[in-house]
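As the structure lists them, so they are numbered: ligands from 1, and atoms in each ligand from 1. Just so it is clear, the model here is predicted, and its values are computed rather than measured.
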Amino acid sequence: MKQRPGAPEALPRPVTDAHTHLDSVAEGEDGLSADESVWRAAAVGVTRLVDVGVDVESSAGAIAHAERFDGVVAAVALHPNDAARLGDRLPAELARLEALIDHPRVRGVGETGLDYYRTTEPAAQRLQKEAFAAHIAWAKAYDKALVIHDRDAHDDIADVLDAEGWPDRVQFHCFSADATFARRCLDAGAWLSFPGTVTFKPNEALREALRITPSDRLLVETDAPYLTPVPFRGAPNASYLVPVTARFLAEQRGDDLAALCDALHANATAVFGDWGEGRDDRG
Ligand SMILES: [Zn+2]
Ligand SMILES: [Zn+2]
């Protein structure tokens, strides 16, 4: 893996990294601790993060980060690829996960959805759908945002949401489809969240989706430690690299950078609520 990039120029206005995995960023010899992730990001204007769990343990970890840092809120879930592997143990794991949701710093249920890239067996895909339906029901019952993971499963995801009913606030994390599917999601009231992949040369259809997304439906994310934007593709990602992607979004859309930052930040509040930065109850 390439060396970790240096800090980019700070953004003119604060923005939110709408999807990251602090525990995964911290892994390995030269991982960044959660503290380092949070402070390096804040130093370049990325003042708020959504830390996302993929199983019971990492979801509990995300909640611990959200309790510790004013700039972090949590999303909790069984990732679709984990759900697919659980077999008979799925209902018990879903029950353990549900016990975490009703917490004031948990603002999202997800990442959940379907992943047909890594999960190809029909029986395993059925488990993904079962888990996805449970997460959709929780997002509504607990009034949390639904965080969608969609890999090569665009239409099936929207079909499940149509059948179950879309929650009020749905984020397509790591949006990866074209303008046609973007319209379907936008018409259903969803927010589209763009990571570093939007900077990758072959992804012109994704950039078209970006350009047709209204500024009040747009989010930016890292999905760190993955999907590092060009020119750092292949290096480890972390929230302090959001400015690289945010600048690219502004260029592609012809937006003023400061105005775009304000929109990205306000949209994150619309989806995940107030972070409560500066609250004075830190222990
Ligand atoms: Zn994902
Ligand atoms: Zn993720």
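Within D223, OD1 is the N, O or S atom that lies nearest to the Zn ion (ligand 2). Of all N/O/S atoms in H149, ND1 sits nearest the Zn ion (ligand 1).
Within the 2.8 Å limit, E111 places at least one N, O or S atom next to the Zn ion (ligand 1). Because the distance cut-off is set at 2.8 Å, H21 qualifies as a neighbour of the Zn ion (ligand 2) through one of its N, O or S atoms. The distance from the Zn ion (ligand 1) to the nearest N/O/S atom of H173 is under 2.8 Å. At a cut-off of 2.8 Å, H79 is not counted among the residues with an N, O or S atom near the Zn ion (ligand 2).
At least one donor-acceptor pair under 3.5 Å links the side chain of R105 to the backbone N or O of D70. Between the side chain of T47 and the backbone N or O of A42 there is no donor-acceptor pair closer than 3.5 Å. A donor-acceptor pair under 3.5 Å links the side-chain atoms of K2 to the main chain of R233, judged by distance alone.
Salt bridge annotation for R184-D159: present, with a cationic side-chain nitrogen under 4.0 angstrom from a carboxylate oxygen.
Within a 6.0 Å radius of CG in D88, no more than 12 heavy atoms belonging to other residues, nucleotides or ligands are found.
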